[in-house]
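All ligand and atom numbering here is 1-based and tracks the order in the structure.
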Amino acid sequence: MTRVLFTEQDYPDVLLERGVLGAAGIELVLGDCKTEAALIAAGTDVDAFLIQYAPITERVILELPQLGLVSRIGAGFDTVDTEACAKHGVWVANSPDYGVGEVATHALSLALALIRNVIGYHRDVNAGTWHYLSSGRLRRASEMTLGIVGLGRIGKRMAHISRNAFKRVIACDPYLIDGDFPAYVERADLGALFEQSDVVSLHTPLNDETRGMIDERVLRRMPPGSFLVNTSRGAVVTIDDLLDALDSGILAGAGLDVLPVEPPPPESRLLGHPKVILTPHAAFFSEQSEVELRRKAAQNIVTWAKTGRPDYVVVRGTRRPRS
Ligand code: NAI
């Protein structure tokens, strides 16, 4: 019988996963594995992992020759050593398209909250100040340029829902051909995008190329008083450089749903920063998207058990499940 280890989970229950896998005759076992050692100990007799944040390293793969598939509950897969998986024939699957609308609307919400100073007004009203000038002067969004870095699923949706709020939408994505740019989005390279944008929204994956990519070199190119929104992965931004840009006034504000360390340590300068809006890696979330996310991640395993290939392939493997 095919066995699946749910490596760790922060859901109130696992009824959905039990339902999807159970209906296909697949056994689900629950773990609490946040380390390589815990994964190796709990994973000796399973065919597949269903993971949220567990670190799937080469050591884990090497120690578990039975493991054939890692299915991530989420779009990103930066906790998985995909090269090692490819090398050893382990399939990697994800759930890429469950929350495109949620993340894009979250990013636009952060951008508009920054531009319209929603949090500052809320703070001032609650402190007893009722005045439209309480937090300084605001600029008109419809005269601003929105810059999107990474014009994939979420970036494209962000462009689409934002186009009527801003004057221009420009985007940087070196991996797309011109034909994949919507007609209303202008192409720019990274430097030009930061020079021309009043608001930049990040939508790239986290990988060796993008880690720390948003640093002092690009931030200093922005017009003074700009805004940065990150709903992609925290480590795409060099946080010390972001804080410097906020202090120097290059950035008037930052809206961050994702951080290099989540949750941030209590001493983080981001906490309580008057120019920073933080949300707890929640951009993906709605009741509906969560169900879709979890169902698709579990269904990857069912499809792999039946056909030898999961629905959403990140890495093509060769290993098969026990029948
Ligand atoms: P996608 O793969 O559809 O799009 C990513 C785009 O980034 C691609 O078009 C790719 O060509 C482009 N790209 C890659 N390297 C680049 C670079 N160096 N410069 C500019 N563009 C580059 O991914 P999707 O689904 O749109 O997700 C985007 C990000 O959102 C990912 O980091 C994902 O992990 C994150 N995410 C965050 C969630 C949250 O709750 N905050 C939920 C879901 C996804």
Side-chain angles (χ1 to χ4, degrees), residues 10 51-53 72-80 82 92-111 146-162 169-182 185-194 197 200-215 217-218 228-238 254-264 277-294 296-297 312-315:
D10 54 14
I51 70 161
Q52 278 196 280
Y53 314 108
R72 163 115 221 287
I73 304 181
F77 42 85
D78 40 274
T79 63
V80 180
T82 48
V92 179
N94 67 345
S95 183
D97 53 3
Y98 66 94
V100 173
E102 278 81 359
V103 182
T105 46
H106 198 90
L108 180 58
S109 305
L110 289 173
L146 169 68
I148 293 177
V149 184
L151 197 62
R153 280 178 291 260
I154 296 169
K156 276 201 185 71
R157 184 72 68 89
M158 176 67 176
H160 183 69
I161 63 174
S162 303
V169 180
I170 63 178
C172 161
D173 194 322
Y175 300 102
L176 290 190
I177 59 166
D178 289 346
D180 280 338
F181 273 62
V185 180
E186 294 168 42
R187 186 193 273 278
D189 66 28
L190 194 67
L193 180 135
F194 273 79
S197 298
V200 169
S201 190
L202 306 177
H203 300 285
T204 62
L206 175 64
N207 54 34
D208 289 346
E209 184 193 8
T210 61
R211 188 177 299 278
M213 177 172 84
I214 307 308
D215 61 6
R217 284 170 305 173
V218 286
L228 183 78
V229 170
N230 189 11
T231 57
S232 64
R233 282 293 179 267
V236 171
V237 177
T238 304
L256 308 174
D257 182 55
V258 287
L259 298 174
V261 179
E262 297 175 1
I277 303 176
L278 297 174
T279 54
H281 202 142
F284 73 95
F285 179 67
S286 69
E287 285 176 32
Q288 293 81 2
S289 67
E290 186 181 285
V291 169
E292 191 176 328
L293 160 72
R294 293 171 62 182
K296 285 181 166 169
Y312 295 97
V313 177
V314 174
V315 170

Asks: So which heavy atom on Arg187 is nearest to which on Pro174, and how close?
Replies: NH1-CA, 4.4 Å
Asks: Atom CG in Leu202, atom OG in Ser232: separation rounded to 0.5 Å?
Replies: 5.0 Å
Asks: Check this for me - ligand 1, Met213, N or O atoms closer than 3.5 angstrom, yes or no?
Replies: no
Asks: Could you measure the distance from the CG atom of Asp78 to the OH atom of Tyr53? Nearest 0.5 Å is fine.
Replies: 11.5 Å
Asks: Considering only heavy atoms, does Val236 approach ligand 1 within less than 4.0 Å through its side chain, its backbone, both, or neither?
Replies: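 Val236 to ligand 1: no contact under 4.0 Å from either part.
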Asks: For Asp97 and Lys296, run salt bridge (Lys or Arg N to Asp or Glu O under 4.0 Å): C-alpha distance rounded to whole Å, both residues' side-chain angles, the deciding distance at 0.1 Å, then the answer.
Replies: CA-CA 9 Å; Asp97 53 3; Lys296 285 181 166 169; 3.0 Å; yes
Asks: Just wondering, do Asp257 and Val229 contact through their side chains at under 4.5 Å, heavy atoms?
Replies: no
Asks: Pick whichever of Pro174, Gly150, Gly155, Ala171 has a heavy atom sitting closest to atom 19 (N) of ligand 1.
Replies: Pro174
Asks: Please enumerate all residues that pass salt bridge (Lys or Arg N to Asp or Glu O under 4.0 Å) together with Asp173, with sequence neighbours excluded.
Replies: none
Asks: Please state which option from Asp208, Ile154, Asp189 has its nearest heavy atom closest to atom 44 (C) of ligand 1.
Replies: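 Checking each option, the heavy atom nearest atom 44 (C) of ligand 1 is found in Ile154.
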Asks: Heavy atom under 4.0 Å from ligand 1: found in Phe77's side chain, backbone, both, or neither?
Replies: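 It is neither part, as no heavy atom is under 4.0 Å.
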Asks: Determine, considering heavy atoms only, which of Ile148, Asp257, Leu176, Thr204 sits nearest to atom 22 (C) of ligand 1.
Replies: Thr204
Asks: What is the closest protein heavy atom to atom 8 (C) of ligand 1, and at what distance does it sit?
Replies: Asp173 OD2, 3.4 Å
Asks: Mind checking whether Cys172 has a heavy atom under 4.0 Å from ligand 1?
Replies: yes
Asks: Just going by heavy-atom distances, which of Glu209, Met158, His106 is nearest to atom 18 (N) of ligand 1?
Replies: Glu209
Asks: Under 3.5 Å, is there a donor-acceptor pair between the side chain of Thr231 and the main chain of Val103?
Replies: no
